[in-house]
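Report on the structure given below.
Residue numbers begin at 1 in each chain, while the letters A, B, ... track the order of the sequences. The shown structure was predicted, so the numbers you read here are calculated from the model rather than taken from an experiment.
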Protein chains: 2
Amino acid sequence: MADVAAIAGVSAQTVSRVANGLTNVDPSTKDRVVAAMNEIGYRPNSAARALKTGRFKSIGVIMFTLSTFGNMRTLDAIATAAAQAGYSITLIPIALPTQVELLGAFDRLGEHAVDGIIVIVESHILDRSDVSLPTGLPVVIVDSDAGDKYSVVDTDQAAGARDATRHLLELGHRTVWHVSGPEGSFSASRRRDSWEATLVAAGADVPEVLIGDWTTNSGYLCGLELAKRGDVTAVFAANDQMALGLMRAFHENDIAVPGRISVVGFDDMQEASSFWPPLTTVHQDFGAVGRLCLEKLLDQIDGNSTSRGVAVIPTTLIERQSTAAPASGA
Amino acid sequence: MADVAAIAGVSAQTVSRVANGLTNVDPSTKDRVVAAMNEIGYRPNSAARALKTGRFKSIGVIMFTLSTFGNMRTLDAIATAAAQAGYSITLIPIALPTQVELLGAFDRLGEHAVDGIIVIVESHILDRSDVSLPTGLPVVIVDSDAGDKYSVVDTDQAAGARDATRHLLELGHRTVWHVSGPEGSFSASRRRDSWEATLVAAGADVPEVLIGDWTTNSGYLCGLELAKRGDVTAVFAANDQMALGLMRAFHENDIAVPGRISVVGFDDMQEASSFWPPLTTVHQDFGAVGRLCLEKLLDQIDGNSTSRGVAVIPTTLIERQSTAAPASGA
DNA sequence: GTGCCACTTGTTTACGTAAACATGCTAGCG
DNA sequence: CGCTAGCATGTTTACGTAAACAAGTGGCAC
């Protein structure tokens, strides 16, 4: 900056003003400064700027595994919205969704330069009242029950699971089986609870739950189990990938979908419309989740907003060809 | 830091030494300092540290769309490896893979605090000799032809496409059709060129290429085209998602896969093994790509390495059930 | 003509840290 | 017993920027 000032024949302060686009600079002076900047390839030093202003223009995202479809879409939306707001994203992956790992990530982020943090960790650990994140930094959490302690953005998973289950019941199925996500997952238990409540409300039997781990392969294994039974006509899988695994198992056992068994998924991943058969599923608006996360976080950073409360993003049931009325003989 | 020093009764410099784990500190003094740190919840200010040291302990990743499977896996590996090396990831998404966008992202990253940059943009823009990135920062590029100017990590797409094509020829197919990725994509043209070269080398006809855009839906549309023809027995799709779309189109037209048409994909995404039929595809080791990117970048940052050259990650053909010998009548 | 105000530009200072240098203490050796 | 080497610790300084304050210039109204 000093070099730029020398070349342009002005003070460093004036260079600073030009760099920050302040108004009180004479146009001719500004031109000289800009020319000098280009001449020596000046780039403002963000570290010094951050040191002076106390703002980093960066937000941290703590994620457990990028490899699930929804997390990635959410991250994409956050990153895009952040870029528009002039913020960059600092990504901290954690290897396991445990409290220790999460707190470690928080520490690392505390040492790095962020103005706020978004946590995307599908786990109940933050819901326990005895677990708290270090304070001092604005935080937004995705898909959690901790709305009383933090600001939370949540997809309306209960409504989605209810719609999926009800859809199958309305088609005439006596009951609906469920392939759940893993035990510790908040989203999994929300979907499962809502499925069960919907069955109970409709007076339907509640079959034993099969538990997967979100992967297609776990869905496949559950599908093999279900294929052995003769009484299954409808299955609600807690995500599209497991639904895909289910359908593979049914295909291999010559069970027609939806002829003999109807299948519903959850997520509406891009590929779902091209599964065979095209999958009826619950659409989640991950883009809206990401954008809202950023909006709430920036509000906190700017001090305009409370730091708790839950915002819910609605879901939509997308009917494709994997569901139908049960066979007349059933 | 000053507060910590006052509480511990030492100088700020000693606190700095403790914070950085230097050796020349008396254990009892160190304990006092650590106790004081915990007492007031001291966190080193990374901006000040970066200002002083010139190192940010952060690397930037410029990506075009997180929503493709491979990019995400690569990012995941980079982030994990970076965390282990004590670096954080700053993510800069770009809306379009154009030169303007890319340079803009580069500028933004230059203003932010990074020690090096990884570019994951499927596009030829960097290959043109008249396009250069601003210098001064170590750069690693994924899947590009610019190895003479930059350090590049590339999957061996040519070998993968060759293996896929040859696999189908060896099964007895007269020729192999191809559904390509979009025009501007480096990966797409590499796979397409290699497919064509393999056919020519085998003395097979080279059918007209169908062009998709990586999405399942574009694959579906191409599949509808192919379904109209009677002479297609084998198709190599440039990624798994388009292969899925192809198979949907074939299913809808009662064309058996692999009975009447064999299909091969590219990527080996997690779901591919549960497609119906399970997809024969070319496995890419995205984890290795990400790890190698980071390794090469850190070498450059530490000054141990040249800033150009190509590293190639091998691919593996995974044979599943979407390929078979052509029907005897064909 | 005088005084005041608006506007541009310069000067001083401080942000929190770590490098370089300086000091003081202890132990070991002749 | 005195000198020196080595180690723990303190002092000074600088990193690049932006806020706060100061100063200079010109125009306009009375």
For this session: Could you check how far CG of B:N20 sits from C1' of C:dG16, rounded to whole Å?
Result: 12 Å

For this session: Taking only Lys NZ, Arg NE, NH1 and NH2, and the carboxylate oxygens of Asp or Glu, determine whether A:D26 and A:R32 approach each other closer than 4.0 Å.
Result: no

Seminar exercise, completed: Rounded to whole Å, CG of B:D26 lies from P of C:dT26 at a distance of 12 Å

Seminar exercise, completed: When every non-hydrogen atom of B:K296 is compared with those of B:V153, the smallest separation belongs to CD-CG2, 3.7 Å

For this session: Give a yes or no on whether the backbone of A:V10 and the side-chain of A:T14 come within a donor-acceptor separation of less than 3.5 Å.
Result: no

Exercise. Should B:T29 be listed as having a side-chain N or O under 4.0 Å from OP1 or OP2 of D:dT9?
Worked result: yes

Problem set entry | Between C:dT12 (C1') and A:K52 (NZ): distance, integer Å | 11 Å

Exercise. Judged by atom type as modelled, is there a donor-acceptor pair below 3.5 Å linking the side chain of B:D115 to the main-chain atoms of B:F56?
Worked result: yes

Exercise. In whole angstroms, how far is the C1' atom of C:dT17 from the CG atom of A:L51?
Worked result: 8 Å

For this session: Specify the separation, in whole Å, of atom CG of A:L22 and atom C1' of C:dG10.
Result: 15 Å

For this session: Using whole Å, report how far CZ of B:R49 lies from C1' of D:dT17.
Result: 20 Å

For this session: Check each residue of residues 9-17 of chain B for a non-hydrogen atom within less than 4.0 Å of any atom in DNA chain D, then write out the ones that pass by number, or none.
Result: B:G9, B:V10, B:S11, B:Q13, B:T14, B:R17

For this session: Counting heavy atoms from C-beta on, name the nucleotide in C:dG16, D:dA18, C:dT9 closest to the side chain of A:T53.
Result: D:dA18

Exercise. Using 4.0 Å as the upper bound for N to carboxylate O, is an ion pair formed by B:D143 and B:R190?
Worked result: no

Exercise. Between D:dA8 atom P and B:D31 atom CG, what is the distance in whole Å?
Worked result: 14 Å

Seminar exercise, completed: note: A:K57, atom NZ; D:dT17, atom P; distance rounded to Å ~ 18 Å

Problem set entry | Phosphate OP1/OP2 of D:dC15: any A:N45 side-chain N/O under 4.0 Å | no

Exercise. Do side-chain atoms of B:T74 reach the backbone of B:G70 as a donor and acceptor pair under 3.5 angstrom?
Worked result: yes

Exercise. Between the main-chain N or O of B:Q157 and the side-chain N or O of B:T155, is there a donor-acceptor pair closer than 3.5 Å?
Worked result: no

